[in-house]
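For reference, the structure discussed in these notes is given below.
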2 protein chains.
Amino acid sequence: MATRQNVKLASAVQEAAGQPLDQSLLLNLVGYNCRRAYLTIIPLFEERMKKFNLRAVDFTVLTLLHANPNITQKRLSKAVNVSPPNLAILLDRLEERGLVMRQRNPLDKRSQALVLTAEGTKLCLKAEKTVTELELEATSMLSDAERAQLVSLLQKIFIREEEAEG
Amino acid sequence: MATRQNVKLASAVQEAAGQPLDQSLLLNLVGYNCRRAYLTIIPLFEERMKKFNLRAVDFTVLTLLHANPNITQKRLSKAVNVSPPNLAILLDRLEERGLVMRQRNPLDKRSQALVLTAEGTKLCLKAEKTVTELELEATSMLSDAERAQLVSLLQKIFIREEEAEG
DNA sequence: TATTGTTATACTCTATAACTATA
DNA sequence: TATAGTTATAGAGTATAACAATA
């Protein structure tokens, strides 16, 4: 039935439907824009990394072990922001796949030195190449100078934080 | 026992422990930097928004309804990147709290027009103020010009995508 | 007693299939 | 038949507590 209320609502709905979405407040927030940009890049990442069967975290771990052989799980845990219990099962999976090795540290048998296997290194190199390429594609609307500046501005936000842990 | 293997490993571990973490490859990736910057801002967001009992998604929904009264769930679902089933329960919670209202569209009774209640509007305004302030704090190492440029560069990455849906 | 890493487990988030009601 | 929204549920991701081994 066309009550006065309904008539009013109907026109309000039509009005809203015709309007482009106003997200001006959100678009002024740095955090929101970071997330949106990240969510634009990550699907391409996942698509290209499917052939290596690597998620973003897995890739991060492999790259860090590639550049930092023999670091401990504790240090890796902080670097990738994954809690020790969750890192343990992540590493279980990579170890089962023959990509990573855990070696008891002879100097302190509580800790373990993490290294890539030969196969892990091979996969990591291929994955790194793929990621570097895909990143350029996903940000192809930026000039090299713009991309460099973007990275530099983003790092200003988080780089101080990490100095504490090194 | 100090086998030759163990001695070698021990020195490798010590070497690794003394070294600062090399994350040069990751730090050249736009996606990685976006995520790191986002993960730096979001804890402050969560801390400040605790008093409003709002998660990031909840805030996004409220702000969008504030700026776009009477939009449908379908449109909101796309805008906030939450699937219809998950949006339904998110809105259930906001509705239970008396912040949001769902009104059947008299023109098409399948859809619903979403609006903030008076209380929802009040909370949203306070939350928007808090978020705007916290964002400035979290990015206080950037000048206004730098912040504006950062936002502009980030939007270049994702803005084209969204033109399709409006 | 403190630390590294693990196991077990609970909790939240996200994704999917099947359903209701409207069109 | 197709669409908006819901319910139910499964799966992935994340967080926490309790434990073993070592220091």
Can you tell me the distance, in whole Å, between the [atom1] atom of [X] and the [atom2] atom of [N]?
| X | N | atom1 | atom2 | result |
| --- | --- | --- | --- | --- |
| E95(A) | dG5(C) | CD | P | 13 Å |
| Q73(A) | dT3(C) | CD | P | 17 Å |
| E96(A) | dT6(C) | CD | P | 13 Å |
| E46(A) | dA15(C) | CD | P | 9 Å |
| N53(B) | dT12(C) | CG | P | 12 Å |
| Q103(A) | dT4(C) | CD | P | 19 Å |
| L90(B) | dC13(C) | CG | P | 10 Å |
| I71(A) | dG5(C) | CD1 | C1' | 15 Å |

How about CG on D92(B), more than 12 heavy atoms from neighbouring residues, nucleotides or ligands closer than 6.0 Å, or not?
yes
What's the shortest heavy-atom distance between H66(B) and C124(B), and which atoms?
CB-SG, 3.7 Å
Any idea which heavy atoms bring L27(A) and Q155(B) closest together, and the distance?
O-NE2, 2.8 Å
Nucleotide range of DNA chain D lying under 4.0 Å from chain A heavy atoms:
dG13(D) to dA23(D)
Quick check on DNA chain D: between R55(A) and P106(A), whose nearest nucleotide comes earlier from the 5' end?
R55(A)
Nearest 0.5 angstrom please: R35(A) CZ to T40(A) OG1, how far?
11.0 Å
Could you tell me whether a side-chain N or O of R97(B) sits under 3.5 Å from a main-chain N or O of N53(B), the two making a donor and an acceptor?
yes
Closer than 3.5 angstrom, by distance alone: can the side chain of N81(B) be matched with the main-chain N or O of S77(B) as a donor-acceptor pair?
no
The bend of the helix from dT1(C)-dA23(D) to dA23(C)-dT1(D), taken between the axes of its five terminal pairs at each end and rounded to 10°, is 10°
Under 3.5 Å, is there a donor-acceptor pair linking the side chains of S111(B) and D108(B)?
no
Among dT4(C), dT6(C), dA17(C), the one nearest P85(B) by side-chain distance
dA17(C)
Closest to the K74(A) side chain: dT4(C), dT6(C), dT22(C)?
dT4(C)
Hey, does N86(B) reach any base, or is it just sugar-phosphate, or nothing, if we go heavy atoms under 4.0 Å?
base
Using only side-chain N and O atoms of R102(A), determine if any of them is under 4.0 Å from OP1 or OP2 of dT6(C).
yes
May I ask you to verify if any side-chain N or O of R104(B) is less than 4.0 angstrom from the OP1 or OP2 atom of dT22(C)?
no
One thing to verify: whether R48(B) and E135(B) come together as a salt bridge, which I'm taking to mean a side-chain N less than 4.0 angstrom from a carboxylate O.
no
One thing to verify: whether E46(B) and K50(B) come together as a salt bridge, which I'm taking to mean a side-chain N less than 4.0 angstrom from a carboxylate O.
no
I would like to know whether N70(A) and L9(B) meet side chain to side chain contact (heavy atoms under 4.5 Å, CB included); could you show each step before the answer?
CA-CA 8 Å; N70(A) 291 301; L9(B) 179 54; 3.6 Å; yes
Need to verify one output field. Residue with the more 5' nearest nucleotide on DNA chain C, D92(A) or D108(A)?
D108(A)
